[in-house]
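In what follows, chains are A, B, ... by sequence order, proteins preceding strands, each numbered from 1. If you're wondering where the values come from, they're calculated on a predicted model, not measured in any experiment.
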Protein chains: 2
Amino acid sequence: MAETTDTGLPRAVAIAWGMQEVPQRGPSRGMSHERIVKAAIEVADNEGLAAVTMQAVAKPLGFTTMSLYRYVSSKDELLRLMQDAALTIPEKVELPTDWREALRVWAGVVREAYRAHPWVLEIPRGPVSILMPNSVRAANLGLGAMKDLPLADDVKIGVILVISQHVASSVELERDLAQEGIVAVPAEGVAVLAEVITPERFPHLAPVMKSGNYIDDEVPVVENGDGIDAEYDLGLNLIISGLETMEQQGTPVNDATK
Amino acid sequence: MAETTDTGLPRAVAIAWGMQEVPQRGPSRGMSHERIVKAAIEVADNEGLAAVTMQAVAKPLGFTTMSLYRYVSSKDELLRLMQDAALTIPEKVELPTDWREALRVWAGVVREAYRAHPWVLEIPRGPVSILMPNSVRAANLGLGAMKDLPLADDVKIGVILVISQHVASSVELERDLAQEGIVAVPAEGVAVLAEVITPERFPHLAPVMKSGNYIDDEVPVVENGDGIDAEYDLGLNLIISGLETMEQQGTPVNDATK
DNA sequence: GCATGTTTGTGTAGGTCATAAACAGATTAT
DNA sequence: ATAATCTGTTTATGACCTACACAAACATGC
């Protein structure tokens with residue numbers, strides 16, 4: 001599926017790491033991966049990921065659609081490059097010494113990266129994604145945040161995955177709810193829904209909905225904007241709190257960093 | 001964006017709840033939402049979500065492509081119906097009384113539902129998804145698992161979201177890694193990668209990779225199949241453990257169920 | 001310099017898809 | 001009956017990705 005280079009690495013990985021040798025014989029190139037990806041990101045930022053067509057990317061650059069294929073072997077590859085390039089982790093991040101605070105800062109950095117380009121979450125993240133430069137940088141930073149936490153390496157990797165996924169899901173939820181006109185269910189629709197979500201059929205959920213915090217006239221069932229922050233904090237707090245007990249219980253450690 | 005009915009509810013919601021009145025005047029219908037969705041799910045199960053085209057769904061049913069549009073207003077609506085129908089929660093689930101075990105069982109049920117149709121995770125889950133019958137059933141069951149946990153309702157809702165998202169992400173990761181030929185990076189490629197992931201540039205990550213658990217000849221950086229189970233358990237354990245301390249600390253309770 | 005092979009950007013064309021529009025036959029309401 | 005409405009179909013349109021072929025540009029080896 002994913003095109004591979006002679007090193008056996010997916011092409012997108014080689015390109016993103018700058019490991020793709022440039023041809024020498026022909027005319028010099030008038031374009032570059034960087035400029036293409038940048039233009040594509042601009043389109044996605046302005047008009048959404050669905051608006052990213054080869055034509056829409058090429059045109060502002062003053063090139064033809066097909067010319068992009070001299071740099072990118074498929075649209076899929078372009079999407080993968082965008083996915084990595086959009087995950088902009090700041091060059092220098094000051095991490096607190098306390099691992100709890102450090103993890104919070106780290107999660108916040110990742111969260112802001114997603115928030116800056118929410119469409120990245122629409123791109124399917126295959127196993128290749130994790131080999132890309134910015135994913136590696138993010139993982140490295142996350143491990144740094146946990147450097148004083150006495151847990152095994154594979155647990156730390158797991159924590160990084162769990163937190164990343166939580167952050168991603170949270171931003172995704174936030175983005176979904178921000179789309180007005182979809183969430184807004186008028187009172188009439190809510191009333192109709194209340195007829196099928198009865199206490200008999202849904203004994204545990206129905207009372208919660210009745211309690212009113214989750215159904216007002218506009219926003220049903222799920223939380224509003226503030227609720228998203230609450231959900232983000234809740235998940236992060238639970239994970240960190242869980243790590244604390246794990247730390248106190250002293251899980252066996254197998255740390256390669258010594 | 002999402003088509004709405006006269007009740008103001010998205011059409012997909014009305015259809016899924018069986019709240020869509022059937023026309024009376026014309027000829028009787030030769031097709032049904034159920035059969036269409038079932039056929040579509042079959043295609044997705046066999047050939048992946050990408051193979052779900054209106055034609056591919058209609059043909060096995062002996063109907064034309066366009067006939068589907070008499071039942072479904074767009075492909076997007078069909079996808080949403082598939083998304084809900086694929087989340088098959090068992091009719092009766094025996095939940096242990098202990099909320100910790102009950103949450104584990106609940107998470108397992110959701111996990112198996114996703115595993116049965118992993119392609120659901122490729123369908124963008126908009127805010128509408130949460131109004132669909134099976135999402136509501138899942139939420140109700142999750143709340144039931146926590147019925148003896150003295151926490152506020154909105155916290156419980158948050159916990160359900162957090163756990164669902166963790167389960168979904170974990171299954172997604174599992175599915176990605178199961179696709180052979182993408183993950184398999186030959187030793188040569190790994191060696192090349194090791195040249196750019198240097199201890200100087202990635203002081204925390206590089207030692208972990210060197211430690212060997214994460215790079216063998218075939219599977220780089222990320223865990224193999226067993227590792228996925230470990231990641232799933234880790235996340236769930238952290239969340240539940242976090243809930244335990246929250247329980248012991250006695251967070252203020254505001255329970256609508258009394 | 002010059003021939004040769006390579007690479008670039010472009011134009012053309014083919015194939016897949018979703019879906020709008022118009023129509024004939026079926027069925028029910030008046 | 002007559003009119004209104006609905007069903008399934010045929011036809012057509014417009015996005016899109018991308019394979020292919022071509023001419024001009026450029027580096028290398030003679």
Are side-chain heavy atoms of A:Val120 and A:Leu87 found at a separation under 4.5 Å? no
Full working for side chain to side chain contact (heavy atoms under 4.5 Å, CB included) between A:Met82 and A:Trp119: CA-CA 10 Å; A:Met82 292 173 66; A:Trp119 44 260; 3.8 Å; yes
Short side-chain to backbone donor-acceptor contact, A:Arg35 and A:Leu61, under 3.5 Å: no
Between B:Trp106 and B:Ala139 (side chain of the first, backbone of the second, donor and acceptor by atom type, cut-off under 3.5 Å), is there such a pair? no
Just do the side chain to side chain contact (heavy atoms under 4.5 Å, CB included) check on B:Ser129 and B:Gln83 with the steps written out, would you? CA-CA 8 Å; B:Ser129 317; B:Gln83 188 176 44; 3.2 Å; yes
Intermediate values then yes/no, side chain to side chain contact (heavy atoms under 4.5 Å, CB included), B:Val37 and B:Leu78: CA-CA 7 Å; B:Val37 172; B:Leu78 173 59; 4.2 Å; yes
Return the residues of residues 61-74 of chain A meeting this criterion: a heavy atom under 4.0 Å from some atom of DNA chain D. Order them by number, or give none. A:Thr65, A:Met66, A:Tyr69, A:Arg70, A:Ser74
Outermost contacting nts on DNA chain D, any atom under 4.0 Å from chain A heavy atoms, listed 5' then 3', are D:dC16 to D:dA27
Please give me every residue in residues 20-48 of chain A whose heavy atoms get under 4.0 Å of an atom in DNA chain C, ordered by residue number. A:Pro23, A:Arg25, A:Gly26, A:Pro27, A:Arg29, A:Gly30, A:Met31
Near DNA chain C, counting only heavy atoms under 4.0 Å, which residues of residues 117-125 of chain B show up? none
Assign the ring pair B:His166 / B:Tyr232 to parallel, tilted or perpendicular, where the plane angle (0 to 90°) is split at 30° and 60°. parallel
Looking at B:Ser135 and B:Leu131, would you say the former's side chain and the latter's main chain have a donor-acceptor pair under 3.5 Å? no
Could you check whether any side-chain N or O of A:Arg201 sits under 3.5 Å from a backbone N or O of A:Val196, counting only pairs where one atom can act as donor and the other as acceptor? yes
Check step by step if side chain to side chain contact (heavy atoms under 4.5 Å, CB included) holds for A:Val128 and A:Val13. CA-CA 7 Å; A:Val128 171; A:Val13 175; 3.5 Å; yes
If you walk 5' to 3' along DNA chain C, what is the first nucleotide with an atom under 4.0 Å of a heavy atom in chain B, and what is the last? C:dC17 to C:dT28
Could you check whether any side-chain heavy atom of B:Arg115 comes within less than 4.5 Å of a side-chain heavy atom of B:Arg111, counting everything from C-beta outward? yes
Say whether, by atom type as modelled, one donor and one acceptor occur between the side chain of B:Tyr71 and the main chain of B:Met31 under 3.5 angstrom. yes
Any salt bridge between B:Arg80 and B:Asp84, counting N to O under 4.0 Å? no
For residues 122-139 of chain A, which residue pairs pass the salt bridge (charged side-chain N to carboxylate O under 4.0 Å, His left out) check, not counting sequence neighbours? A:Glu91-A:Arg137, A:Glu122-A:Arg175, A:Arg125-B:Glu172
N/O donor-acceptor pair under 3.5 Å between B:Tyr114 side chain and B:Val167 backbone: no
